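Computed from a predicted model, the values in this text were never measured in an experiment.
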Amino acid sequence: MAEKIWQKKASDNAFHAKIVEKFTVGNDVQFDYALAKYDVLGSLAHCEMLHSIHLLKTEEWLLIETELQKILEEIKQNLFEIEPGIEDVHSQVEHLLIQRIGEVGKKIHSGRSRNDQVLTDLKLYLKAEILEIKSLTETVFSSLIQLSNQHKEVLLPGYTHLQIAMPSSFGLWFGAYAESLVDDLELLLASYNIINKNPLGSGAGYGTSFPLNRTLTTELLGFETLNVNSVHAQMTRGKSEKVMAMAMAGLAGTLGKLSYDMCLYLNQNFGFISFPDSLTTGSSIMPHKKNPDVFEIMRARCNRIQALPNELILLTNNLPSGYHRDVQLSKEALFPAIQSLKECLDMLHFMLQHIEIKRDIVKGSKYNYMFSVENVNQQVLNGVPFRDAYKNIGLAIENKDFSPNYEIHHTHEGSIGNLGNELIEKAFEKVVSKFN
């Protein structure tokens, strides 16, 4: 077994040490690969700061910088490997430096702990992933707005209690999900702002006697500001993951609901939309089937993502202040969920490019009563009190004497006749512009 960076001497019971390491490290090394780039970037900023306060000589800093840049390039080319027996990415980077440039490599850890180091890595990683999710959300939003505008004249039955209710339209339906993404992006922005604070220099949670310049590392790493209090900086481990998970859950809720609609509307009893055969799946015994497996899997994935905040809350909510290794397990829950959400956004955009809209849906006789409200409203506009108009149309329906009025004149903002998509687009762009 490789000697750990925290070890002062070799273990007197290697067998016990191996058992403990297997249990405590688990699969964490695999998730550390996602942090490798950010670990090197954090080390570059930290060492530049150490040079600025004269804890590294110029020649030492230049030697370390050159080698860290080489390691960064190896990471980009997928040549970086965490060697067997080395317990995390931080240890591997330090190990490579010592191996390649000797004793100077041992100096990079001055003024920091693995606690603030991993927290810095994690925040840089989460920031980058949030920006990528934001970008994918923008793409889906654009598709929904485009479809809303393209099909704004095509009527669609609206349902309440899963009963035929009132006329809607594909423009209104697509636009609803576009506007939902505005809310979701607001939540994502809030998580970004909470995460976008520099914990580096907080050490193990209680600072250090070294005269660190934390403002400098904040600027170098592109954080908006500091986690000022060292104890609080450590308290953001677990909190950062939770706030991002909550934002992801909001977005997953929108995608999951849209997926359910897609499954419902593709059903033959509804028949509102269709997809090419190549994007649906068949049955092993029923040759007529066109199953919406993509949206069923998307719905299931989004349900799992919506469970993520609860999982992280249960993982961290009984911990006092200070660092506790429990939070290591947050990576196992969060990292795969981030990838899953990005895949769902990407797949949704792809499917939206191929959706087929059915026209003249509402001409079916089963939708006649859907226009009853239009008849009630017309009587009210002609001077009949609403309760009397409601009763008149209700009796006409009971007496089979109802004739639907297909003339729909909705004019208020956010209605069939006035989608307000330009307002939704402005709201979305306003949120996007707030991301740093």
Side-chain angles (χ1 to χ4, degrees), residues 28 31-32 34-39 41-43 45-46 49 88-90 109 111-134 186-208 210 212-250 308-335 337-338 341 434-436:
D28 195 57
F31 298 108
D32 265 8
L35 301 178
K37 177 175 77 170
Y38 306 104
D39 193 74
L41 292 174
S43 293
H46 181 69
M49 184 275 298
D88 55 38
V89 65
H90 330 297
H109 205 59
R112 67 177 177 178
S113 163
R114 281 198 300 176
N115 296 349
D116 64 337
Q117 189 174 354
V118 68
L119 187 48
T120 303
D121 296 356
L122 183 67
K123 287 192 170 193
L124 290 171
Y125 166 75
L126 294 182
K127 279 179 58 180
E129 292 298 323
I130 286 173
L131 292 177
E132 193 168 339
I133 291 170
K134 184 263 296 183
E186 287 272 18
L187 201 53
L188 196 66
L189 174 62
S191 72
Y192 183 81
N193 289 337
I194 291 171
I195 291 167
N196 195 17
K197 298 175 183 177
N198 181 24
L200 190 59
S202 62
Y206 308 100
T208 176
F210 290 117
L212 304 182
N213 185 346
R214 296 188 63 208
T215 299
L216 176 59
T217 56
T218 298
E219 294 170 355
L220 290 171
L221 291 171
F223 284 107
E224 182 68 22
T225 187
L226 278 167
N227 283 132
V228 180
N229 185 291
S230 295
V231 173
H232 173 253
Q234 282 303 311
M235 288 166 60
T236 64
R237 182 74 195 273
K239 183 178 184 179
S240 298
E241 295 94 320
K242 282 188 287 188
V243 296
M244 182 167 179
M246 290 172 186
M248 291 167 58
L308 183 62
N310 191 52
E311 182 176 358
L312 293 176
I313 287 168
L314 292 174
L315 182 66
T316 61
N317 72 348
N318 62 341
L319 302 179
S321 61
Y323 175 80
H324 308 278
R325 198 161 176 180
D326 309 52
V327 294
Q328 173 183 298
L329 299 184
S330 67
K331 288 187 279 186
E332 291 186 16
L334 182 59
F335 286 19
I338 290 171
L341 180 59
K434 293 180 181 178
F435 282 86
N436 185 348

- Query: Atom OG1 in Thr217, atom CZ in Phe223: separation rounded to 0.5 Å?
  - Reply: 8.5 Å
- Item | Closest approach of Asn115 to Gly203 (non-hydrogen atoms, all atoms of both residues) | CB-O, 3.7 Å
- When you measure from the side chain of Asn193 to the backbone N and O of Ala190, does any donor-acceptor pair fall under 3.5 Å? no
- Message: Just to verify, what does Asn196 make a side chain to side chain donor-acceptor pair (under 3.5 Å) with, not counting sequence neighbours?
- Response: Lys127
- Message: A side-chain contact here means heavy atoms from C-beta on lying under 4.5 Å apart; do Met244 and Glu129 qualify?
- Response: yes
- Under the side chain to side chain donor-acceptor pair (under 3.5 Å) test, which residues partner Ser43, sequence neighbours left out? Arg112
- Can you list every pair that meets side-chain hydrogen bond (donor to acceptor under 3.5 Å, both in side chains) and has a residue in residues 237-248, with sequence neighbours left out? Arg237-Glu241, Glu241-Ser330, Lys242-Thr316
- Sequence-distant partners of Ser230, side chain to side chain donor-acceptor pair (under 3.5 Å), two or more places apart: none
- One should read off an interatomic distance between His90 NE2 and His109 NE2, to the nearest 0.5 angstrom, of 9.0 Å
- Item | Heavy-atom pair of closest approach, residues Ala333 and Ala337 | O-CB, 3.5 Å
- Message: Can you give me the closest heavy-atom contact between Ala245 and Pro309, atom names plus distance?
- Response: O-CG, 3.5 Å
- Message: Is the terminal nitrogen or CZ of Lys331 (NZ for Lys, CZ for Arg) located under 6.0 angstrom from the six-membered ring centre of Phe31 and within 45° of that ring's axis?
- Response: no
- Query: Excluding sequence neighbours, so at least two apart, what forms ring pair (Phe, Tyr, Trp, His ring centres under 6.0 Å) with Tyr125?
  - Reply: Phe335
- By side chain to side chain contact (heavy atoms under 4.5 Å, CB included), which residues pair with Tyr206, not counting sequence neighbours? Val231
- Any Asp32 side-chain heavy atom under 4.5 Å of Asp121 side chain: no
- Task: Calculate, to the nearest 0.5 Å, the distance between atoms CE and CZ belonging to Met49 and Phe210 respectively.
- Result: 10.0 Å
- Could I get the full list of side chain to side chain contact (heavy atoms under 4.5 Å, CB included) partners for Asp326, not counting sequence neighbours? Leu319, His324
- Message: Please enumerate all residues that pass side chain to side chain contact (heavy atoms under 4.5 Å, CB included) together with Leu220, with sequence neighbours excluded.
- Response: Ala45, Glu48, Leu216
- Item | Partner residues of Lys197 under the side chain to side chain contact (heavy atoms under 4.5 Å, CB included) criterion, sequence neighbours left out | Lys123, Thr225, Asn227
- Message: So Tyr192 and Leu131, do their side chains get closer than 4.5 Å, heavy atoms only?
- Response: yes
- Task: Find the distance between CG (Leu329) and CG (Leu334) and round it off to the nearest 0.5 Å.
- Result: 12.5 Å
- For Gln234, side chain to side chain donor-acceptor pair (under 3.5 Å) partners two or more places apart: none
- Of all the heavy-atom pairs spanning Leu226 and Thr218, show the shortest one and how long it is. CD2-OG1, 3.2 Å
- Side-chain heavy atoms of Leu35 within contact of Gln117, under 4.5 Å: no
- Note on the structure: d(Thr236 OG1, Ile194 CD1) to nearest 0.5 Å is 10.5 Å
- Item | Within residues 219-232 or reaching into it, pairs that qualify as salt bridge (charged side-chain N to carboxylate O under 4.0 Å, His left out) - sequence neighbours excluded | none
- Shortest non-hydrogen pair, Leu212 vs Gly201, comes out as CD1-CA, 3.8 Å
- Task: First locate atom CD1 of Ile130, then atom CD1 of Ile195, and finally report the distance between them rounded to the nearest 0.5 Å.
- Result: 4.0 Å
- Item | Glu311: salt bridge (charged side-chain N to carboxylate O under 4.0 Å, His left out) partners, not counting sequence neighbours | none
